[in-house]
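A quick write-up on the structure given underneath.
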There are 2 protein chains.
Amino acid sequence: MVTIKDVAKAAGVSSSTVSRTINNSPSISSKTKEKVIKEIKRLNFSPNSMAKGLINNKSYTVTLLVDVDDEKSFQNPFFYEIMHGIERLVYKKEFSLIVANLNTTMKKQSVLEWLVKAKRTEGVILPSSILNSKLVDELKKDGVPFVSIGEPTNLKESVSWVDIDNKKGTEMATYSLLDKGYENIAFLGLDKTKLFSKRRYDGYMNAILESKQEVINVECGNSKDDGYHNMKKLLNGPVIPDAVICADNIISIGVIRAIQEAGLSIPEDIGIISFDNQQIAELSYPTITTVNVDVYELGYQSAKLLFELIENPQTRYQGLLISTKIEERESTIKNK
Amino acid sequence: MVTIKDVAKAAGVSSSTVSRTINNSPSISSKTKEKVIKEIKRLNFSPNSMAKGLINNKSYTVTLLVDVDDEKSFQNPFFYEIMHGIERLVYKKEFSLIVANLNTTMKKQSVLEWLVKAKRTEGVILPSSILNSKLVDELKKDGVPFVSIGEPTNLKESVSWVDIDNKKGTEMATYSLLDKGYENIAFLGLDKTKLFSKRRYDGYMNAILESKQEVINVECGNSKDDGYHNMKKLLNGPVIPDAVICADNIISIGVIRAIQEAGLSIPEDIGIISFDNQQIAELSYPTITTVNVDVYELGYQSAKLLFELIENPQTRYQGLLISTKIEERESTIKNK
DNA sequence: TTGTAGGCGTTATCAC
DNA sequence: GTGATAACGCCTACAA
């Protein structure tokens, strides 16, 4: 293993000079600097991250905490993109990204304790679904900066978080449907136990009331069967909508099925807008217009907030909303 | 920060005694050991991982390398489960799991170099799609153990890898269809550029030839449109199959569409078996019978192989195949 | 069985 | 601008 001493010897300088070169110290002549850099390259030297960390008491490491056993924790398709966004910034900062599972069984302690107390990590990003007051207390007590992905609920403390602007998303979706000429727009899939679902409903409500239209609201779960059965009911009901906004992407699969079985056509008779799950939206017949959710950006911004907290612990906690965009596909008509 | 010295002072022993206690040294009286452990707990002490790493020249860290920009690298839905399998073993070994992207831009060097040379990681797990001879050379030169997820292709060197037993999977699927009474079984979606696709075809071939049936093979890409158009062609062709095995899960969505448009019923007229993508298989109407692929196990076994290499660098390279299981859903009939 | 001392590779603090 | 030296927290001979 080639160390700073080897480089120093080879370049005929002291190890401090090599250290200064590595760390871009201003007080060093460009001549020796050049010489040292040359030797560093020749010897293929990289500073040992642990020795450096020991001195500075830093691990140069950030943790993405998940709960694999909790379905709400991170949806499979979203996780990869979120991680990608995080990774981009983390490595730009010359940190490493650790991924850990909240409920991993370790000998004596919890993973989180293990990561935090042994100085293995300097900050944590975690989904709001696993964030409760107890966890917040622990993290704050240990002085580890953290950022929640998703706006937390039922929390007394204030924390930093990043979320999709769900409300604005459905608001835009509703207006977009109205613009196209749809007149009876239903919202299907409100689940009051879920914040994102409520937010999406709020956006829909806003736009509907603002436009003096009638609210058609169907509360239900988020499986394809929920979508199917509730759409069926709606089609037999007093007011048949000519457009449906689905709170959650899976629901829309069942909704489409119900509409097609009733002999109605999409998007002519009934238009559909759902929330982003690109793969499903594009696999369906017809493909589904969605409120596009930029989860890469979600990840990137969460990392950005985290680094602000790491670099300056005095930073105030803040909430950040990522804007959405409507991606037109076959389930909505261009002009009615 | 509480160090080994604080514990030593509190317990009235030397720091070496504390160190010995932590590391379960045999030469220590159970009495002092007890005393020390008590203080460790009271003071809430955890050994600093970097100081320990510096001594042993170990990082206690394993890296999962991906290429987020390469679609073949890891399918979204698979990644999470694979990672879960890896994570399980990694933390059991009291290591951390780093996730890094091959093409992350760092100032001077590649992430991999950065991770390896600065002693940030002790082993690497990576998808076969990004593994080429150049990368193998680099990894071997640096002496980092690594395991490929997926059987590598076009590699002169021998390496350790884990893969799904694709061949056996389609073989079982074919026999299962024959058992149910299907007689003209087609294989749709052979892509000769992909090893897993070829393996799946081989399994189908084996079973068909063994059973003295006729081979119906359609080569095509793996989009839903490929599935749709090629199934349509098949339905207009001389021999209409009464069962289809799809090489890839997305294809089956198009295949189903084509069959339904032709007014035929699934599974009565035509049965379908595809490969695992649980979400898609269950969202479809009808739900799709799949060859179930245990990607958690894939991840777990890759980590196991990696640790064998880390703990004993003399370990021989080996390839490991994970068996599959057929998950019956609506797209195949019970008895024809 | 326990304690002392030296060192892992780096950086910060002094001198020069 | 540069070099010696002492840390950082832990482990491991070696000594007792």
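Labels below follow one simple rule: chain letters A, B, ... track the order of the sequence lines, proteins then strands, and each chain is numbered from 1. Remember, it's a predicted structure, so these values are computed and weren't measured experimentally. Basis for what follows: all heavy atoms, side chains included, without hydrogens, waters or symmetry-related copies.
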Requested in this report: Mind jotting down which residue pairs meet the ring pair (Phe, Tyr, Trp, His ring centres under 6.0 Å) criterion with at least one end in residues 3-47 of chain B? Sequence neighbours excluded, please.
Outcome: none
Query raised in the report: Given atom NZ of A/K58 and atom P of C/dT10, what is their separation to the nearest angstrom?
Result: 18 Å
Report task. Determine: side-chain N/O of A/T17 to OP1/OP2 of D/dG3, distance under 4.0 Å, yes or no. Result -> yes
Query raised in the report: Separation of B/I22 atom CD1 from C/dT2 atom C1', in whole Å?
Result: 16 Å
Query - Below 4.0 Å: OP1/OP2 of D/dG9 and any side-chain N or O of B/T3 - result: no
Query raised in the report: Among the nucleotides D/dC11, C/dG3, C/dT11, which one has an atom lying closest to any side-chain atom of A/I4?
Result: C/dT11
Query - For atom NZ of A/K117 and atom C1' of D/dC10, their distance in whole Å - result: 17 Å
Query - B/N312 CG: over 12 foreign heavy atoms closer than 6.0 Å - result: yes
Requested in this report: Would you kindly give the CZ-to-P distance between B/R20 and D/dC11, to the nearest whole Å?
Outcome: 11 Å
Query raised in the report: In whole angstroms, how far is the C1' atom of C/dT10 from the CE atom of A/M1?
Result: 11 Å
Query raised in the report: Can you tell me how far P of C/dG9 sits from NZ of B/K52, to the nearest Å?
Result: 18 Å
Report task. Would you mind reading off the distance between A/K35 atom NZ and D/dG1 atom C1', rounded to a whole angstrom? Result -> 12 Å
**Report entry** Geometric class of the B/F307/B/F95 ring pair [parallel <30°, tilted 30-60°, perpendicular >60°]
**Finding:** perpendicular
Query raised in the report: Which nucleotide in the set C/dG9, C/dG7, D/dT2 lies at the smallest distance from any side-chain heavy atom of A/L54?
Result: C/dG9
Query - Heavy-atom neighbours of B/K140 NZ exceed 12 at 6.0 Å - result: yes
Requested in this report: Might you confirm whether atom CD of A/E34 has over 12 heavy atoms from other residues, nucleotides or ligands at distances under 6.0 Å?
Outcome: no
Query raised in the report: Should the heavy atoms of other residues, nucleotides or ligands under 6.0 Å from NZ of B/K58 be counted, would the total exceed 12?
Result: no
Query raised in the report: Should the heavy atoms of other residues, nucleotides or ligands under 6.0 Å from NZ of B/K35 be counted, would the total exceed 12?
Result: yes
Query raised in the report: Which atoms form the tightest heavy-atom contact between A/I22 and A/P47, and what is the distance?
Result: CG2-CG, 4.3 Å
Query raised in the report: Which residues within residues 23-34 of chain A lie with some heavy atom under 4.0 Å of an atom in DNA chain D?
Result: A/S27, A/I28, A/S29, A/T32
Requested in this report: Taking only heavy atoms on the protein side, list every residue of residues 8-16 of chain A lying under 4.0 Å from any atom of DNA chain D, sorted numerically.
Outcome: A/V13, A/S14, A/S16
Requested in this report: In whole angstrom, give the distance that lies between atom CD1 of B/I55 and atom P of D/dC8.
Outcome: 14 Å
Query raised in the report: Base, sugar-phosphate, or nothing: which does A/M50 touch, judged by heavy atoms less than 4.0 Å apart?
Result: nothing
